[in-house]
Every structure is written in C-alpha cells, then in structure tokens.
Amino acid sequence: MTPRFFASLLAASLTLPIVVQADPAERLADSLEVNGQPMPVVSVRETPMANIFEVRLESGETFYSNASGDHFLVGDLYQNAENGLVNLTEQGRNGERAARLAQVAQQDRVVFRGDGESRATVTVFTDTTCPYCRQLHEEVPKLNEMGVEVHYLAFPRTGMKGEGARVMQQVWCAGNPTEAMTAAKREERLEGGGSCDNPVEEQYHLGLELGVQGTPAIVLPDGRLVPGYVPAERLVEMLGLNE
C-alpha cells in the first residue's frame, strides 16, 4: 500500500459524520413511555446509586428508573450518612421549590413586612377561609417585628369554585391587597369584585405542583415546606434567627 493510499484513507475518515452518543440520562428522558405513550418528563438526573436515575414529571411527581426505563421505584431516596439518614429526594424538591417560587413576580404576592431590617422571608400558601391561616395571620405583626417578611400566595383549598377562591380574587384585585387580606381573615366582607387579571388560579396550580396539600403551607427560604400553623417563635427558630 502506498503512502498516497493512506493519505486518501485519512482524508475520507475526516469527512465522515461524528456520532455523539447521548449520555444515559438524556437517552432515558427521550425514551421513557408507558403503554406506548411518552411520559411528560421534565428532568432525568443520575443518583449516587449506579444505573438508577431520578425522573421528575411535569406534574411534580418524582420516581426512580433503571437505565432502560423498564423498572420503576416510587418513594424517597435516602443516604445513610455519618450523622444519620439524609433524604436526598426531599433535598432535591426543596431546591426546585425555592427556584419556582423565586419566579413569582413581586406584584403577584401579598407582602407583609415590618419597618426594620428584613432578616428572612417566608412564603405562605394561604386561604382566607382557613382557621389556621387566620391564626397564623395574627402572628404576622410579631414576625415582622423579628425581621421576617411574610409573602402570601393563594391556595384555595376547596379549588377554584369554592368561597376561598372567590374571596382571594377580591383580595388580589383590591386597591390595597394587604389591608384586604387582613380584613378577609377577620371575616369582614370585602367590597369590590374579583374579576381583574389576578394570579389566584395560577398560584393554586403552582401550590399543587410544589406539593402543597393544605393551608397554611409555609415555605422557608431554602425551599423546605412546613405544613400547618407554626407559632412565630418556633418559625424564627426554624429560620435560624435566634443563633
């Protein structure tokens, strides 16, 4: 074989298309299906376990799959760490929850803040018809005094056809939503309608996506979800503001 033959062989090889193999997570995301229907996959990520992947769907549900997508595990993944069990699945949910809430525009929140320095912010999915939401709202002035801002988002617990949804639409449409929120939680009748362009339904679906099942649902800055009423002193402790 002549040098010219080798040169022509090398030139031919340089013109061949380069096939880039997708990584296993990408292949799994593209191939996951049930009953022949593609699954609504948002993300697929590797886990510390070999050939096991975390799959997150558009609905917010999370499960685990092998690389071929023919076996699933439903539940939380824990790390057996030196200091005890660490819920890796919940850590992932927390980060995603914090990121989604950061996308909610300031004007779409009903915000209560004090006159002093803000030390932390909690986001609360609320319903004006919920007794424990009213109890938490009574703690808001104390939280504000301790430097904690409270940002309310709407979560009508009986759905968009219930009384809570109607009243919260009035709150978000009011000229002063903070005053309207306080009045509604005192069971005072609000003037004005709720037919403005408001985010109540959007926030309700956001809450469902983030795992909210009832009200109040408090989300800490790191994305941890705390269900139910929490006294101001305990909430400040959970935020690490007493240290």
Side-chain angles (χ1 to χ4, degrees), residues 40 42-43 56-61 92-130 133-134 136-137 139-141 143-144 146-185 190-227 230 235 238-239 241:
V42 171
S43 64
R56 192 166 191 276
L57 304 180
E58 291 176 358
S59 62
E61 295 172 286
R93 291 193 194 107
N94 293 344
E96 292 166 358
R97 195 177 289 123
R100 290 288 285 114
L101 290 178
Q103 298 171 359
V104 178
Q106 190 77 7
Q107 65 266 24
D108 288 340
R109 308 162 182 242
V110 178
V111 177
F112 288 79
R113 60 169 62 92
D115 297 328
E117 177 189 1
S118 176
R119 303 169 65 200
T121 296
V122 294
T123 304
V124 181
F125 285 90
T126 193
D127 183 336
T128 52
T129 66
C130 158
C133 294
R134 293 169 181 160
L136 178 63
H137 192 67
E139 301 272 322
V140 167
L143 287 166
N144 289 165
M146 292 186 283
V148 179
E149 291 187 24
V150 177
H151 291 204
Y152 280 127
L153 301 183
F155 189 83
R157 56 203 172 114
T158 59
M160 288 305 301
K161 295 183 179 180
E163 177 70 4
R166 185 188 68 79
V167 174
M168 282 190 288
Q169 286 174 329
Q170 286 182 284
V171 169
W172 261 263
C173 289
N176 190 323
T178 56
E179 290 184 359
M181 179 70 78
T182 297
K185 291 194 173 182
L190 299 181
E191 300 297 332
S195 58
C196 71
D197 184 15
N198 65 78
V200 171
E201 183 169 5
E202 180 181 348
Q203 291 178 4
Y204 171 63
H205 290 292
L206 174 62
L208 292 175
E209 176 190 333
L210 299 183
V212 175
Q213 297 180 343
T215 54
I218 305 168
V219 185
L220 305 185
D222 62 1
R224 281 179 291 163
L225 177 62
V226 182
V230 178
L235 189 52
M238 295 173 71
L239 291 166
L241 301 181

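When reading the values below, keep in mind they use all heavy atoms of this one structure, side chains included, and skip hydrogens, waters and symmetry mates.
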Let me have the donor-acceptor pairs involving side chains of residues 204-212, under 3.5 Å, with sequence neighbours excluded, atom names and distances please.
{"unit_1": "Glu209", "atom_1": "OE1", "unit_2": "Arg100", "atom_2": "NH2", "d": "3.2"}
{"unit_1": "Glu209", "atom_1": "OE2", "unit_2": "Arg100", "atom_2": "NE", "d": "3.0"}

State, to 0.1 Å, how close [X] and [Y] come at their nearest heavy-atom pair, and which atoms those are.
| X | Y | value |
| --- | --- | --- |
| Arg97 | Asn94 | NH1-OD1, 3.0 Å |
| Gln203 | Asp108 | NE2-O, 2.7 Å |
| Ala184 | Val171 | CB-CG2, 4.1 Å |
| Pro221 | Ala98 | O-CB, 3.9 Å |

Other residues, nucleotides and ligands only: do more than 12 of their heavy atoms fall within 6.0 Å of CD on Glu163?
yes
Among Pro156, Pro177, Cys173, Pro199, exactly one meets side-chain contact (heavy atoms from CB on, under 4.5 Å) together with Met168. Which residue is that?
Pro156
Worked check of side-chain contact (heavy atoms from CB on, under 4.5 Å) between Gln107 and Trp172:
CA-CA 10 Å; Gln107 65 266 24; Trp172 261 263; over 6 Å; no
Quick one, Leu153 with Leu101, criterion side-chain contact (heavy atoms from CB on, under 4.5 Å). Give me CA distance, side-chain angles, the key distance, then yes/no.
CA-CA 10 Å; Leu153 301 183; Leu101 290 178; 3.8 Å; yes
Do the rings of Tyr152 and Phe112 sit parallel, tilted or perpendicular, given the 30° and 60° boundaries?
perpendicular
List for me each residue that meets side chain to side chain contact (heavy atoms under 4.5 Å, CB included) alongside Arg157, sequence neighbours excluded, and say none if there are none.
Asp127, Thr129, Cys130, Pro131, Thr215
Using side chain to side chain contact (heavy atoms under 4.5 Å, CB included) as the criterion, list what pairs up with Glu149, not counting sequence neighbours.
Val111, Arg113, Ser118, Thr121, His151
Calculate, to the nearest 0.5 Å, the distance between atoms [atom1] and [atom2] belonging to [X] and [Y] respectively.
| X | Y | atom1 | atom2 | answer |
| --- | --- | --- | --- | --- |
| Leu225 | Gln213 | CG | CD | 8.5 Å |
| Arg119 | Leu143 | CZ | CG | 11.5 Å |
| Gln170 | Thr128 | CD | OG1 | 9.0 Å |

Within the 4.5 Å heavy-atom criterion, are Met146 and Leu241 side-chain neighbours or not?
no
Check whether any side-chain heavy atom of Arg93 lies under 4.5 Å from a side-chain heavy atom of Arg56, and answer yes or no.
no
Start with the C-alpha distance between Thr126 and His137, add both sets of side-chain angles, then the distance that settles side-chain contact (heavy atoms from CB on, under 4.5 Å), and finish with yes or no.
CA-CA 10 Å; Thr126 193; His137 192 67; over 6 Å; no
Pair Val122-Ile218, side-chain contact (heavy atoms from CB on, under 4.5 Å): steps then yes or no:
CA-CA 7 Å; Val122 294; Ile218 305 168; 4.1 Å; yes
